[in-house]
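Accompanying notes for the structure given below.
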2 protein chains.
Amino acid sequence: MITNKNCIIRLSRYKNALYRLQALGFVKVFSDNLADSVGGTASQVRKDFSIFGISGNKKGGYQIDSLLEKLNSILGKDQLQKVLVVGAGHIGSALMRYRGFEKEGIKIVAGFDIDPAKINRSNPVPILPLDEAKAFIKSNQIRIAILAVPDIAAQSALDLICAAGIKGVLNFAPLRLKAPDGSIVNNVNLEIELENLIYFVNVAEKTK
Amino acid sequence: MITNKNCIIRLSRYKNALYRLQALGFVKVFSDNLADSVGGTASQVRKDFSIFGISGNKKGGYQIDSLLEKLNSILGKDQLQKVLVVGAGHIGSALMRYRGFEKEGIKIVAGFDIDPAKINRSNPVPILPLDEAKAFIKSNQIRIAILAVPDIAAQSALDLICAAGIKGVLNFAPLRLKAPDGSIVNNVNLEIELENLIYFVNVAEKTK
DNA sequence: ATCATATTGTTCCATTTTTCACAATAACAA
DNA sequence: TTGTTATTGTGAAAAATGGAACAATATGAT
């Protein structure tokens, strides 16, 4: 079983690169084309594919359409993914308005907040009271959520939505959350991303 | 020389955990406390520290205040980091309004956009025309930027700010950018983060 | 039909990263 | 003072990751 997160990220990159190539009229692709597009080696592309039983043609490369089909199936993109956003602050609202998810088959179906002033049922993405999250998650069978609430509220919000059936959470609160059994929390920590960048910029500066 | 990004990310996590412990009144900490807080092993904590020449006391653990000093110095947090945001769309605006950076000593000093309608010089974080970015970067000696512009504009905006002196960029546009010589680009790709999450949720579901 | 060539799939090797294990030693107790 | 204990610091082992190399082979050329 694959536990290598980087490998799955590379599959996403291959997929994105393939759509671009397809848009340019390409029908087949070689491992080294893909390596160039995503910044890796041809061996790694081939190995990534072989891990998932994807095979191409000796001397013929890979057929883009069938390759995309397989990648999309692996990545769960053969069905629309309904996602909800918990927290309608700056970040949460921006995510709800962000148009980039659509073309990836990801649809934000609702936002939730505790602040009554934020509630807006007629929004393109309705913003509902957090009280209603449980019922909403159950009746719509949502499995994925984005958590964009203040630090202090993050753990309890996580517990609430996981108890209601959420299995995967992308957490923007800059602190480590304890994932309830049976659910997965991935973190997007912008402060840490920036710190990391600053560190490497400083190192580059010093060693120059 | 350290090139291990994960190691640096762990340092940030240790730092954050230490502030929380300090706020609770703790004065010293053991490697296994830190391991618990950030979700790792005690050996790794000690090894991470040893890589940077940080040492504690046999049987006495680490003094939190001096440990924080050293981590902050490694992470470049002994001075305010001025950052600018390029692109004042949903994501860019949310980042400019996000209050979480301040407590990390990161200050967003300006935003830039090509759309004249977005310009607002009297904003708490002024939003200026992209034309002015070069002069601003030079005169304020900014080294770090967040790139939150549409895909199509990302590479040219990157080239522009790097030519003006930006050394590190956190890119939110969901495509691979070519980093100009001497600068570093880190990517935050929300679509890919969600895809990744969905993949692992699906795997967990199947193997259950 | 035969040969040359290009490209895959996979094995093996190198490197990086993590974990284990334990000697060294500071703090404390008797 | 001596002994016991807790914890570090690090060297060695193990695991994971990535890359190079090459045999296998399909394709196209002659």
Side-chain angles (χ1 to χ4, degrees), chain A residues 1-14 17-18 21 26-71 74 176 192 196 199-200 203, chain B residues 1-14 17-18 21 26-71 74 176 192 196 199-200 203:
Chain A
M1 221 267 292
I2 302 298
T3 53
N4 184 344
K5 182 170 168 173
N6 287 334
C7 176
I8 308 303
I9 287 179
R10 285 194 299 269
L11 294 190
S12 286
R13 297 221 161 98
Y14 300 148
L18 286 167
L21 291 170
F26 287 78
V27 171
K28 64 182 188 180
V29 68
F30 303 118
S31 55
D32 67 332
N33 302 143
L34 273 175
D36 288 348
S37 309
V38 309
T41 66
S43 300
Q44 187 160 57
V45 173
R46 296 199 298 274
K47 190 182 283 182
D48 285 341
F49 289 171
S50 113
I51 287 170
F52 290 95
I54 295 175
S55 57
N57 312 297
K58 293 271 156 70
K59 201 167 172 179
Y62 302 83
Q63 209 67 21
I64 291 183
D65 54 1
S66 92
L67 186 49
L68 270 171
E69 243 172 62
K70 285 168 187 154
L71 290 176
I74 291 166
R176 181 173 193 79
I192 286 184
N196 202 261
Y199 171 84
F200 284 106
V203 167
Chain B
M1 221 266 292
I2 303 299
T3 53
N4 185 341
K5 181 169 167 171
N6 287 334
C7 175
I8 307 301
I9 287 179
R10 286 194 298 268
L11 294 191
S12 287
R13 297 223 160 98
Y14 300 148
L18 286 168
L21 291 170
F26 287 79
V27 169
K28 64 182 188 180
V29 69
F30 303 118
S31 56
D32 67 331
N33 302 143
L34 273 175
D36 288 348
S37 310
V38 309
T41 67
S43 303
Q44 188 159 57
V45 173
R46 296 199 298 274
K47 180 150 289 187
D48 285 341
F49 288 171
S50 110
I51 287 169
F52 289 95
I54 295 175
S55 57
N57 312 298
K58 295 271 154 74
K59 198 163 175 187
Y62 301 83
Q63 209 67 20
I64 291 182
D65 53 2
S66 90
L67 187 48
L68 270 172
E69 245 171 61
K70 285 167 187 155
L71 290 177
I74 291 165
R176 181 174 194 78
I192 287 185
N196 202 262
Y199 172 83
F200 285 105
V203 167

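What you are looking at is a predicted structure, and each value in this text was computed from that prediction instead of being measured.
What separates CD1 of A/I8 from C1' of D/dT17 is a distance of 14 Å, to the nearest Å. Rounded to whole Å, atom P of D/dA16 lies 15 Å from atom CG of B/N6. C/dA26 atom C1' lies 11 Å from atom NZ of B/K28, rounded to whole Å. The CD1 atom of A/I51 sits 16 Å away from the P atom of C/dT8 (whole-angstrom rounding). Atom CD of B/Q44 is separated from atom P of D/dT7 by 20 Å (rounded to the nearest Å). In this structure, A/D48 atom CG and D/dT17 atom C1' are separated by 11 Å, rounded to whole Å. Taking atom CD1 of residue B/I9 and atom P of nucleotide C/dT18, one finds them 11 Å apart after rounding to whole Å. Look at NZ on B/K5: it is 14 Å from P on C/dT18, rounded to the nearest Å.
The list of side-chain hydrogen bond (donor to acceptor under 3.5 Å, both in side chains) pairs with a residue in residues 30-43 of chain A, not counting sequence neighbours, reads A/S31-A/R46.
A distance of 4.0 Å separates CZ of B/F52 from CD1 of B/I8, quoted to the nearest 0.5 Å. From B/N6, atom CG reaches atom CZ of B/R13 across 8.5 Å, with rounding to the nearest 0.5 Å. Between the CZ atom of B/R10 and the CG atom of B/L71 there is a distance of 12.5 Å, given to the nearest 0.5 Å.
In this structure, B/N4 reaches the C/dT18 phosphate: one of its side-chain N or O atoms is under 4.0 Å from OP1 or OP2.
Here the options are B/I2, B/I9, B/T3, the test is side chain to side chain contact (heavy atoms under 4.5 Å, CB included), and the partner is B/K5; only B/I9 passes.
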Check: residues 54-64 of chain A side-chain donor-acceptor pairs under 3.5 Å, at least two apart:
| unit_1 | atom_1 | unit_2 | atom_2 | d |
| --- | --- | --- | --- | --- |
| A/N57 | ND2 | A/G61 | O | 3.3 |

#### Entry: nucleotides 8-13 of chain D: protein proximity per nucleotide (B base, S sugar-phosphate only, - neither; heavy atom, under 4.0 Å)
BBBBB-
